[in-house]
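For reference, the structure is listed below as structure tokens.
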Amino acid sequence: MRGAALMMGSMAAFTFNDACMKAASDEVPFFQALFVRGCGTILLLLVLSRVMGSLRLRLSRRDWGLICVRTLAETGAAYFFISALFNMPLANVTAILQAVPLAVTLAGALFLGEAVGWRRWLAIGIGFGGVLLIVRPGTEGFNVFSVYALISVGCVTLRDLVTRRLSGGVPSMTVALSAALGVTLFAGLGAAGTDWVPLGARPGLQLAGATVFVICGYIFSIMAMRVGEVAVVAPFRYTALIWALLLGAAVFGDWPSGVTLVGAAIVVATGIFTFYRERRLARPGPVPLRLR
């Protein structure tokens, strides 16, 4: 129960982070917003790692190589996801991202040789059909940012597959700090070629809130994995969609169409089934370390 509560808290924090970033996009350019939040995230992570004593840099060359690949994937995920977030309803982008567990299962079968039975293959196919209902290619609502959201799913999938290959002794704080440094450096390079705007009180508070929420989401997700059984706790990650629906309606006045809601329900249902099958086979389902 404690693990489930922590996972729900993590998903709430991550979704509030997304809402803060989307709200700030009205006044702050994309790269500037990402860079400012990244600097705050790095500072807080350094403080936490100092307090917890959980930062270790003496790792094997193999692990550092995997961390570099993971950081590149994290950077791509941040760019494409937040680009889509700035230009699409919050609930729609969040719903598309819920396909990540299905994509990780699929990629694990195709590239890592992991055993996947016919039931999970069927669930994966139905789940991606739900994603198509959300993005609806060929319709008026489909645009390049819908593609960006799908690309972010691919980046997160690569990130999680690489995370699986890391040695058990690699501290989570080292991985998170490396990802934050990579995203912030990328944002800084992008921001160098754009015009910056003075941060007013409202966007400044929104970016500060995004920084605090993303760190809280990270901490809660790690605590959830340490307290609860992964296969039991993991399905509660889908509560992010509930928060996205509520925040989208209350803050931005957006409510998804009926077709989008049906697609989201299909993605969630097939994802939960996949976690259920993983548990039955005593193979914990993938739960990404998310630091956007």
Tell me, do [X] and [Y] make a side-chain contact under 4.5 Å, heavy atoms counted?
X    : Y    : value
W121 : L106 : yes
W255 : L261 : yes
Y148 : V144 : yes
L59  : P171 : yes

Please confirm whether the backbone N or O of [Y] pairs with a side-chain atom of [X], one donor and one acceptor, at under 3.5 Å?
X    : Y    : value
S49  : L46  : yes
K22  : P89  : no
S167 : V170 : no
Q32  : V197 : yes
R120 : A115 : yes

query = Does R164 come within less than 4.0 Å of E114, counting only side-chain N to carboxylate O?
reply =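 Salt bridge between R164 and E114, a charged N being under 4.0 Å from a carboxylate O: yes.
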query = Should the heavy atoms of other residues, nucleotides or ligands under 6.0 Å from CG of D26 be counted, would the total exceed 12?
reply = yes
message = Evaluate T94 against W243 for side-chain contact (heavy atoms from CB on, under 4.5 Å), listing each step before the verdict.
response = CA-CA 10 Å; T94 304; W243 285 108; over 6 Å; no
Drop me the distance from [X]'s [atom1] to [Y]'s [atom2], to the nearest 0.5 angstrom.
X    : Y    : atom1 : atom2 : value
I151 : F80  : CD1   : CZ    : 4.5 Å
T71  : F186 : OG1   : CZ    : 13.5 Å
I272 : Y238 : CD1   : OH    : 6.5 Å
R119 : T274 : CZ    : OG1   : 12.5 Å

Side-chain donor-acceptor pair present, R237, S10, cut-off under 3.5 Å = no
message = Looking at every non-hydrogen atom in both residues, tell me the closest pair between A264 and A95 and how far apart they are.
response =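 Scanning both residues, the minimum pair turns out to be CB-CB, 4.0 Å.
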task = Identify the two heavy atoms, one from A99 and one from V131, that lie closest to each other, and give their separation to 0.1 Å.
result =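 For A99 and V131, the tightest heavy-atom pair comes out as CB-CG2, 3.6 Å.
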query = In terms of hydrophobic clusters joined by side-chain contacts under 4.5 Å, are F142 and V153 together?
reply = yes
